[in-house]
Amino acid sequence: MVNESKPSVSFKTEFAVDMTCQSCVSAIRSALEPLPGIESYDIDLARKQVVVTGKAAPSAVCRALKDTGRQVLVRGSGTASGTHEGAAVAILETPLPEITTASATPAQLQESQQVHGIARMVQVSTSPVLMLMDLTVKFPGFPSTPTKASSSPSSSITQPPTYDVYVATTGDVTSPPTTTGPPHIPLTTLTPDPSTGYADAFIELPLGLWNIIGRAMVVEPSADVQRRIAEAQQRVDDAERRVREAEAVIGRRGRLGILAGVIARSAGAWGNEKTVCACSGKTMWEEGRMMEDKVRV
């Protein structure tokens, strides 16, 4: 399900697209033309580069480009004028508490190593302070189990819970929400599509990236957030008990639980010219395919 607000400011996003001929260019052009929110675009076959200007969500543009059958990488975003005010990314995973890692099953460990969400943020203005967040999450455990009591297709899927997305107090994602701390800045709420588990948000926020870099972005069931806030208010002086209860909640939640990732700086448009990784020697296309094997979104 999509949570979307139309941005008030246009911006640029740079994509690397594995194009080899003019037929590729024609396919890319056909994919971009019908997308709402695109004001202009530039296709550079020689550099395998596509730059899109407008107010369309980068995730929507990326999906349209991938639907042409070509490999696509998001290289960075910036202001419509081409300046770079700041960009960041948060890779959302299902972490396992360190105390339970030794006893975790292979299935749990594999689940904990999968990427279930990606949030891309770009500072489009510093006066006024405006940031765009493009978030896509594929919640594990969907589609929901149909209920046997109803024969109606529309009512046979369990209604999923809502999830709060927030910037946490700390950037320690080893065992959220215990290590990440309480919500610092609320961002949005998500409701997964009950048939696919997908949820998207593309929203404009009055935030400066400089205030959230290094902190954790957390996706947590709204009911759990409200419960923890209430408990914190009632047991201000009982920190040890709150920690035990938070760890118990993590254990009960299992694979339908919390997602978290550190908000880290990323390249802006034209800010990443790397085509070969200095560490692995792999091309950006090879690294992209390796990442796709891990990413569930």
Side-chain angles (χ1 to χ4, degrees), residues 3 86-104 108-109 111-121 123 129 131 133-137 139-140 161-192 199 201 203 205-266:
N3 178 5
V89 64
I91 308 299
L92 303 173
E93 300 175 302
T94 308
L96 285 175
E98 289 183 330
I99 57 172
T100 64
T101 300
S103 60
Q108 287 176 318
L109 287 173
E111 191 67 49
S112 72
Q113 296 165 356
Q114 299 296 325
V115 175
H116 293 286
I118 298 177
R120 293 186 175 92
M121 293 145 280
Q123 197 75 48
V129 176
M131 180 191 84
M133 181 181 72
D134 186 15
L135 170 65
T136 299
V137 177
F139 288 91
T162 60
Y163 290 78
D164 282 8
V165 184
Y166 59 87
V167 177
T169 306
T170 79
D172 185 351
V173 296
T174 54
S175 182
T178 306
T179 56
T180 52
H184 179 63
I185 301 174
L187 297 176
T188 188
T189 58
L190 297 175
T191 302
I203 54 177
L205 298 163
L207 287 177
L209 283 171
W210 51 87
N211 289 324
I212 61 175
I213 294 293
R215 298 182 187 271
M217 181 179 293
V218 179
V219 181
E220 183 179 6
S222 302
D224 288 356
V225 175
Q226 295 304 316
R227 179 191 55 76
R228 289 195 300 110
I229 291 174
E231 288 180 353
Q233 293 173 342
Q234 295 173 8
R235 304 182 180 94
V236 174
D237 297 325
D238 192 3
E240 183 177 349
R241 182 177 179 182
R242 293 202 308 274
V243 168
R244 289 200 305 268
E245 291 176 350
E247 290 174 347
V249 169
I250 294 173
R252 289 198 303 272
R253 206 179 283 140
R255 65 191 299 270
L256 288 175
I258 200 166
L259 304 175
V262 177
I263 301 171
R265 293 189 185 277
S266 65

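Smallest separation of non-hydrogen atoms from Pro192 and Ala199: CA-CB, 4.1 Å. Closest approach of Val218 and Ala260 over heavy atoms only: CG2-CB, 4.3 Å. Heavy atoms only, all atoms of each residue included: Ala90 and Met217 are closest at CB-CB, 4.2 Å. Nearest heavy-atom pair, Pro176 versus Thr174, reported as atom, atom and distance to 0.1 Å: CD-C, 3.7 Å. Minimum interatomic distance between Val129 and Gly208 (heavy atoms only, all atoms of both residues): CG1-N, 3.5 Å. Counting all heavy atoms, side chain and backbone alike, Leu190 lies closest to Ala201 at CD2-CB, 3.9 Å.
Arg120 places no side-chain N or O within 3.5 Å of a backbone atom of Val89 that could act as its donor or acceptor partner. A donor-acceptor pair under 3.5 Å is formed between the side chain of Thr170 and the backbone N or O of Thr180. Looking at Thr188, its side chain never comes within 3.5 Å of a backbone N or O of Val165 through a donor-acceptor pair.
Atom CE of Met121 sits about 10.5 Å away from atom CG of Leu207, to the nearest 0.5 Å. The CD1 atom of Ile203 sits 8.0 Å away from atom CG of Leu135, with the distance rounded to the nearest 0.5 Å. The distance from the CD atom of Glu220 to the CD atom of Gln226 is 10.0 Å, given to the nearest 0.5 Å. To the nearest 0.5 Å, atoms CD1 (Ile212) and OH (Tyr166) are separated by 14.5 Å. With rounding to the nearest 0.5 angstrom, the CD1 atom of Ile185 is 9.5 Å from the OG1 atom of Thr169.
Proximity of Tyr163 to Val137: side-chain heavy atoms (C-beta onward) are nowhere separated by under 4.5 Å. Between Ile258 and Pro177, some side-chain heavy-atom pair lies under the 4.5 Å cut-off.
Partners of Val262 according to the side chain to side chain contact (heavy atoms under 4.5 Å, CB included) rule, which considers only residues two or more places apart in sequence or in another chain, are Val173. A search for side-chain hydrogen bond (donor to acceptor under 3.5 Å, both in side chains) contacts involving Asn211 returns nothing, not counting sequence neighbours. Taking Thr162 as the reference, Ser222 meet the side-chain hydrogen bond (donor to acceptor under 3.5 Å, both in side chains) condition, with sequence neighbours excluded.
Partner of His116 under the side-chain contact (heavy atoms from CB on, under 4.5 Å) criterion, chosen from Thr136, Thr94, Leu92: Thr94.
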